[in-house]
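Read the structure below first, then the notes.
Numbering starts at 1 and runs along the sequence shown. As the structure lists them, so they are numbered: ligands from 1, and atoms in each ligand from 1.
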Amino acid sequence: MRKPFIAGNWKMFKNKGDAKRFAEEFSKLYQNKAVDTAICAPFVHLEYLKEAFKGTGIKVGAQNVHHMPEGAYTGEISVGMLKSCNVDYCIIGHSERRQYFGETNEDVRQKIRQLVDNGIKPIMCVGENLEEREKDMQFQVVGRQMSESLVGFTISDLKDLTIAYEPIWAIGTGKTATAEQANEMCALIRGILDGMLGEYIAENTRIQYGGSVKPGNIKELMAQPEIDGALVGGASLIPEDFNNIIEFDK
Ligand code: PGA
């Protein structure tokens with residue numbers, strides 16, 4: 001039985017004061033311990049959030065990491081730095097990183113290697129763009145992202161992997177994939193995991209849907225057998241909204 005996992009992705013939003021207000025309010029609201037949750041925040045808030053969420057069960061994630069352990073890479077953040085802030089999760093391969101920063105499946109693979117070797121749980125994002133969906137290439141695109149990014153890992157490496165299926169055309173657009181479309185892709189992803197890493201990983205990996213998830217559509221998404229949670233952008237910025245998403249079963 002996979003425990004639901006709903007994570008927030010703040011992207012490049014919130015300054016220090018905003019993060020503090022959110023942490024104070026959300027810590028009081030979060031009571032649904034039947035759902036795992038994490039806030040994936042900008043680097044500058046990670047240490048503060050770990051401290052602020054102490055004892056609440058709310059986990060903290062980063063949104064990116066560099067693929068090398070250390071070195072002359074001005075402006076970058078290493079896995080060791082994340083580890084020293086006790087970060088639990090890290091989003092890898094978000095479509096905005098792929099689109100604006102040229103991240104490739106090979107970069108994603110190297111970043112996941114850094115994370116799993118250092119005990120930080122990866123949330124790997126996959127998903128097709130609108131053109132690919134219109135050409136009915138979505139399964140090919142996501143299949144390739146999966147196989148190229150997860151090649152060379154063992155079952156033990158990937159025991160704490162989460163995959164987020166985020167169709168790019170649904171991110172921040174207010175346009176959600178239908179629950180059936182999302183479920184269909186999550187089933188394909190699980191099948192690929194089975195083929196690459198076997199039944200244990202396929203059965204235990206949590207697959208999230210992401211793209212305009214809101215309090216009003218989460219219930220239908222979570223009712224799908226292959227969807228184990230959500231990666232939430234815009235609606236994770238407001239404590240009440242994010243908590244209402246977590247309380248989808250109430
Ligand atoms: P959204 O973003 O919920 O604002 O569509 C999702 C994401 O990019 O992770």
*May I ask you to check whether Gly172 has an N/O atom sitting below 3.5 Å from an N/O atom of ligand 1?*
yes
Original post:
Which ring-ring contact (aromatic ring centres under 6.0 Å, His included) pairs, counting each pair once, include a residue from residues 60-79, with sequence neighbours left out?
Top reply: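 For residues 60-79, and leaving out neighbouring residues, the ring-ring contact (aromatic ring centres under 6.0 Å, His included) pairs sorted by first residue read His66-Tyr73.
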Atom indices of ligand 1 within 4.0 angstrom of [X] heavy atoms, with elements:
X: His94; answer: 7 (C), 8 (O), 9 (O)
X: Asn9; answer: 9 (O)
X: Ser212; answer: 1 (P), 3 (O), 5 (O)
X: Lys11; answer: 2 (O), 7 (C), 8 (O)
X: Gly211; answer: 5 (O)

Would you call [X]-[Y] a salt bridge at under 4.0 Å N-O?
X: Lys135; Y: Glu132; value: no
X: Arg98; Y: Glu103; value: no
X: Arg97; Y: Asp107; value: no
X: Arg190; Y: Glu203; value: no

Is it true that atom NZ of Lys219 has more than 12 heavy atoms of other residues, nucleotides or ligands lying nearer than 6.0 Å?
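Not buried by this count: 12 neighbours or fewer within 6.0 Å.
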*Please indicate whether Lys20 has more than 12 foreign heavy atoms, meaning atoms of other residues, nucleotides or ligands, lying under 6.0 Å from its NZ.*
no
Options Gly234, Ser236, Ala170, ranked by nearest heavy atom to atom 4 (O) of ligand 1, top entry: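 Going through Gly234, Ser236, Ala170 one by one, Gly234 has the nearest heavy atom to atom 4 (O) of ligand 1.
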Please state which protein non-hydrogen atom is closest to atom 3 (O) of ligand 1 and give its distance, to 0.1 Å?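 The protein heavy atom lying closest is Gly233 N, 2.9 Å.
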For atom 9 (O) of ligand 1, the protein heavy atom that lies nearest, with its residue and separation: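 So the nearest neighbour among protein heavy atoms is Glu166 OE2, 2.7 Å.
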